Amino acid sequence: MRAIWKGAVTFGLVNVPVSVYSATESHDVRLHQVHDADGGRIRYQRRCEQCGEVVPYEHIDKAFTDGEASVVLTEDDLATLPAERSKEIDVLEFVPTDQVDPIMFGSAYYLAPTSSSTKPYVLLRRTLQETDRTAIVSFTLRQKTRLAALRVRGDALLLQTLLWADEIREPEFEGLDDAKVSDRELDMSAQLVRSYEADFDPASHTDEYQTQLRTLIEEKLASGDVVQVGTGEEEDTGGEVLDLMEALRRSVEASRSARDASASSRAGASKSPSAGRRGKKKAEKQEKPA
């Protein structure tokens, strides 16, 4: 795993240097959009509405609009904010674990010790375990000040972002308390629940849609139901990232090219040198785009 952020957990005079790692990953098959007529890739561009030019990231600022006027905030402006420079995970309070409502949980990150001495890290972990407390912390990640819960998972400290209180909606619906439930109905419902009782095993649940989608893709590739199109000129994204479809497509093309080259080599060996030259010129002519 690659660290996405480095800092320190601080409370009182205790300082625990840590590296932050994403605790989850998506296994969804990444699909892209194509033109149904010819299979050409559909791409989105960052185009300026004012001048019509495609704008690279280094020339993009942020702005706030109140409906009438806009205020542009440059990277230099944002860098002046104290939170932007903070590399600390500040413990605000230690609360009983059961007081943190799961609806507030967001993204999860593992914290790993970065100091040569892991004693402060282990001390904080054991303290949270033995007191059954969760640390409510504040930190800055990707230009946003965040509230988070710091708790223990296995032998590691887990940082889980929390929604702010004003981001939680209340369930204000009509008729939630109108229906009357009899004791007999409640007892029968409880019996039904007991018939489904089990210990939760996350590994026993799989994403059937993704499994069937991968099977569908593999079947199409195996049957040769693919579209050969030029990729064209791609915009610079700061590094090439291949999704599953792209990786599989390129693998198929590479395999076919290798077979074609091998077949051409064997055919050329059985021809005279003059026939080989004529065949080469013919192949070059055929490869020229229309």
Side-chain angles (χ1 to χ4, degrees), residues 1-28 62 64 73 75 77-171 198-207 210 238 241:
M1 292 192 292
R2 181 173 62 87
I4 62 173
W5 190 86
K6 290 185 178 182
V9 178
T10 62
F11 60 104
L13 298 178
V14 178
N15 184 286
V16 185
V18 294
S19 294
V20 180
Y21 299 83
S22 179
T24 61
E25 60 184 358
S26 173
H27 288 161
D28 287 356
K62 295 178 175 63
F64 171 80
L73 301 173
E75 292 297 327
D77 292 330
L78 296 174
T80 64
L81 301 177
E84 291 298 316
R85 298 191 300 271
S86 175
K87 287 294 184 181
E88 293 185 345
I89 302 173
D90 296 317
V91 175
L92 306 178
E93 55 193 4
F94 292 94
V95 303
T97 298
D98 59 6
Q99 288 185 3
V100 183
D101 192 333
I103 195 176
M104 300 182 70
F105 287 140
S107 301
Y109 304 91
Y110 285 125
L111 302 186
T114 56
S115 172
S116 57
S117 173
T118 61
K119 187 172 183 178
Y121 183 94
V122 175
L123 175 62
L124 177 57
R125 184 191 68 200
R126 291 195 57 183
T127 300
L128 292 175
Q129 286 176 314
E130 295 182 10
T131 60
D132 193 23
R133 294 273 169 164
T134 293
I136 303 301
V137 304
S138 174
F139 72 108
T140 301
L141 179 64
R142 300 190 181 102
Q143 300 182 347
K144 286 184 64 176
T145 300
R146 303 169 190 265
L147 192 68
L150 179 61
R151 54 197 182 93
V152 179
R153 187 176 191 273
D155 292 330
L157 291 175
L158 181 72
L159 185 71
Q160 197 151 13
T161 59
L162 299 174
L163 297 175
W164 299 96
D166 59 2
E167 294 179 310
I168 305 295
R169 291 179 173 180
E170 291 299 325
D199 292 325
F200 180 54
D201 177 15
S204 66
H205 302 275
T206 58
D207 189 339
Q210 293 297 323
V241 179

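Start at 1 with the first residue, then count along the sequence. Source: prediction; values computed, not measured. Side chains included, hydrogens not; waters and symmetry mates left out as well; all remaining heavy atoms used.
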Exercise. Evaluate the side chain to side chain contact (heavy atoms under 4.5 Å, CB included) criterion for residues Glu75 and Lys62: first the C-alpha distance (whole Å), next the side-chain angles of each, then the deciding distance (0.1 Å), finally the verdict.
Key: CA-CA 8 Å; Glu75 292 297 327; Lys62 295 178 175 63; 3.8 Å; yes

Quiz item: Is there a donor-acceptor contact under 3.5 Å from the side chain of Thr161 to the main chain of Ser107?
Solution: yes

Quiz prompt | Side-chain touch Ile136/Phe94, heavy atoms, less than 4.5 angstrom | solution = no

Quiz item: Just how far is it from atom CD1 of Ile103 to atom CD of Glu167, taken to the nearest 0.5 Å?
Solution: 11.5 Å

Quiz item: How close do Thr145 and Trp164 get, heavy atom to heavy atom, and via which atoms?
Solution: O-CZ2, 3.6 Å

Practice problem: To the nearest 0.5 angstrom, please state how far the CG atom of Leu124 sits from the CD atom of Gln129. | Solution: 10.0 Å

Quiz item: How far does CD of Gln160 sit from CG of Leu147, to the nearest 0.5 angstrom?
Solution: 12.0 Å

Quiz prompt | Distance-only polar pair, side chains of Asn15 and Thr10, donor-acceptor under 3.5 Å | solution = no

Practice problem: Please report the shortest heavy-atom distance between Leu92 and Ser138, naming the atom on each side. | Solution: CD1-CB, 4.0 Å

Practice problem: Looking only at non-hydrogen atoms, find the nearest pair between Phe11 and Val91 and report the distance. | Solution: CB-CB, 3.5 Å

Practice problem: Could you please spell out the steps behind the side chain to side chain contact (heavy atoms under 4.5 Å, CB included) verdict for Phe139 and Lys87? | Solution: CA-CA 8 Å; Phe139 72 108; Lys87 287 294 184 181; over 6 Å; no

Quiz item: If every non-hydrogen atom of Ala112 is compared with every non-hydrogen atom of Tyr21, which pair is closest and at what distance?
Solution: CB-CE1, 3.6 Å

Exercise. Ignoring hydrogens and angles, tell me if any N or O in the side chain of Asp207 forms a donor-acceptor pair with the backbone of Gln210 under 3.5 Å.
Key: yes

Practice problem: May I ask you to establish whether Arg151 and Phe105 are in a cation-pi arrangement, using a distance under 6.0 Å from NZ or CZ to the six-membered ring centre and at most 45° from the ring axis? | Solution: yes

Self-check item: Residue pair Tyr110, Leu157: steps toward the side chain to side chain contact (heavy atoms under 4.5 Å, CB included) verdict
Solution: CA-CA 6 Å; Tyr110 285 125; Leu157 291 175; over 6 Å; no

Self-check item: Thr114 and Ser19: side chain donor to acceptor below 3.5 Å
Solution: no

Quiz item: Among Val137, Thr134, Leu158, which one satisfies side-chain contact (heavy atoms from CB on, under 4.5 Å) with Leu150?
Solution: Val137

Quiz prompt | Atom pair CZ/OG1 of Arg126 and Thr131 - distance to nearest 0.5 Å | solution = 12.0 Å

Quiz prompt | Closest heavy-atom pair and its distance - Pro96, Arg133 | solution = CD-NH1, 3.3 Å

Self-check item: Verdict with reasoning, Leu111 to Val9, per side chain to side chain contact (heavy atoms under 4.5 Å, CB included)
Solution: CA-CA 9 Å; Leu111 302 186; Val9 178; 3.9 Å; yes

Quiz item: Between Asp155 and Tyr121, which heavy-atom pair has the shortest distance, and what is it?
Solution: O-CE2, 4.1 Å

